[in-house]
Amino acid sequence: MKRPSIIRGVTVSPGFTETDAATRMIQKMADHDKGDYTAFRQKLMDMIGSIPLSRPNRPDEVAELVAFLASKRASAITGREFVIDGGTIPTI
């Protein structure tokens, strides 16, 4: 008898991730107000709220989590949400 196909459901919820698009947006904000990129990056992080890691995610960090969850090593994981946000949302 053929076993039924199993569909695993997991979600990945990244926080602020410093993608190329995010970097361009921050630079446009800084240029518009004739300001400094670093200052506007910090302003955006402050608007989001406290990031205990003190920096945004890197795209490769999010990609590595997704790759792991899609791999056979994570085949028993289902029905879960994975928040990758540097600690912005307390998960206690």
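Treat the numbers as computed from the prediction; the structure is a model and nothing was measured.
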Do any N or O atoms from the side chain of [X] and from the backbone of [Y] form a donor-acceptor pair under 3.5 angstrom?
{"X": "D20", "Y": "R24", "value": "no"}
{"X": "R80", "Y": "G9", "value": "no"}
{"X": "D85", "Y": "G87", "value": "yes"}
{"X": "T17", "Y": "P59", "value": "no"}

Minimum-distance pair of heavy atoms, taken over all atoms of P52 and G86: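 Reported closest heavy-atom pair: CD-O, 3.4 Å.
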Heavy-atom closest contact (S71 atom, R8 atom, distance):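 Shortest heavy-atom contact: O-NH2, 4.2 Å.
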With rounding to the nearest 0.5 Å, note down the distance linking [atom1] in [X] to [atom2] in [Y].
{"X": "L53", "Y": "E61", "atom1": "CG", "atom2": "CD", "value": "7.0 Å"}
{"X": "Q42", "Y": "I51", "atom1": "CD", "atom2": "CD1", "value": "8.5 Å"}
{"X": "T19", "Y": "F16", "atom1": "OG1", "atom2": "CZ", "value": "7.5 Å"}
{"X": "I84", "Y": "L65", "atom1": "CD1", "atom2": "CG", "value": "5.0 Å"}
{"X": "I48", "Y": "K43", "atom1": "CD1", "atom2": "NZ", "value": "13.0 Å"}
{"X": "I26", "Y": "T38", "atom1": "CD1", "atom2": "OG1", "value": "9.5 Å"}

Residue pair D33, F40: steps toward the side chain to side chain contact (heavy atoms under 4.5 Å, CB included) verdict: CA-CA 10 Å; D33 286 358; F40 273 84; 3.5 Å; yes
Side chain to side chain contact (heavy atoms under 4.5 Å, CB included) between F82 and V66, worked out: CA-CA 10 Å; F82 293 86; V66 171; over 6 Å; no
Within one Ile-Leu-Val-Met-Phe-Trp-Tyr cluster: I77 and V62, side-chain cutoff 4.5 Å: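 In one cluster with I77: V62, yes.
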Cluster link V83 to V10, ILVMFWY, side chain under 4.5 Å: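 Cluster IDs for V83 and V10 differ.
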Distance-only side-chain donor-acceptor flag, E81 / T11, under 3.5 Å: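 The answer is no; no qualifying pair exists.
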R41/E18 salt bridge by N-O under 4.0 Å criterion: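 Between R41 and E18 there is a salt bridge, with a charged N closer than 4.0 Å to a carboxylate O.
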